[in-house]
Amino acid sequence: MKIVKWGIIGCGNVTEVKSGPAFQKTPNSALVAVMRRDAALAEDYAKRHNVPKWYSNAVDLINDPEVDAVCLYCNASIIS
């Protein structure tokens, strides 16, 4: 079975202990890229969670040919 390679846009507090690690622990799933507007925080997250790629621009992550699927997390105030 093919491994689904995930990217997360908005790798903030919610993804630290919930969804981020879950992508790594789920069979046939791998977290391969993360994005956060603050590049230093994106890089820090990627290093701490052993994610090979990080971005500060969502379009760059979306256009990454190694990413099969994208999970989007955003601040609730944006969608209210």
Side-chain angles (χ1 to χ4, degrees):
M1 180 175 248
K2 180 184 174 187
I3 294 177
V4 177
K5 295 181 262 176
W6 288 91
I8 293 178
I9 294 176
C11 60
N13 293 337
V14 170
T15 66
E16 283 286 343
V17 295
K18 293 182 181 179
S19 47
F23 284 119
Q24 301 287 41
K25 294 177 181 177
T26 302
N28 302 315
S29 179
L31 182 57
V32 299
V34 293
M35 178 270 161
R36 193 164 178 167
R37 287 180 289 180
D38 183 315
L41 293 176
E43 180 180 18
D44 175 65
Y45 184 101
K47 286 181 178 178
R48 288 184 293 105
H49 293 279
N50 297 313
V51 178
K53 296 182 178 185
W54 58 269
Y55 297 97
S56 60
N57 182 304
V59 174
D60 293 337
L61 185 146
I62 291 167
N63 288 326
D64 184 330
E66 293 183 28
V67 175
D68 299 320
V70 176
C71 190
L72 173 64
Y73 292 89
C74 63
N75 187 313
S77 65
I78 294 173
I79 56 175
S80 312

Should E43 and R36 count as side-chain neighbours, where that means a heavy-atom distance under 4.5 Å?
no

Are F23 and V14 grouped together when hydrophobic residues (ILVMFWY) are joined by side-chain heavy atoms under 4.5 angstrom apart?
yes

I'd like to know whether CG of N63 has more than 12 heavy-atom contacts from other residues, nucleotides or ligands below 6.0 angstrom.
yes

Any chance you could measure N57, atom CG, to I62, atom CD1, to the nearest 0.5 Å?
8.5 Å

Among the clusters formed by ILVMFWY side chains lying less than 4.5 Å apart, do V4 and L72 turn up in the same one?
no

Note, L31 side chain near I8 side chain (heavy atom, < 4.5 Å):
yes

Backbone N or O of G12 within a donor-acceptor pair of the T15 side chain at under 3.5 Å?
yes

In this structure, CG of N13 is separated from OH of Y45 (nearest 0.5 Å) by 10.0 Å

Could you pull out the closest heavy-atom pair between K53 and A46, with the gap in Å?
O-CB, 4.3 Å

Do C11 and W54 have side-chain heavy atoms sitting under 4.5 Å apart?
no

If you compare all heavy atoms of T26 against all heavy atoms of A22, which two are closest, and at what distance to 0.1 Å?
OG1-O, 2.7 Å

Transitive ILVMFWY side-chain link Y73 to V70, under 4.5 Å
no

Salt bridge present between D68 and K2 (N-O < 4.0 angstrom):
yes

Same cluster for V51 and L61 if Ile/Leu/Val/Met/Phe/Trp/Tyr side chains link at under 4.5 Å?
no

R48/E16 salt bridge by N-O under 4.0 Å criterion
yes

Residue that, paired with Y55, satisfies side chain to side chain contact (heavy atoms under 4.5 Å, CB included) out of D64, V67, I9, V34
D64

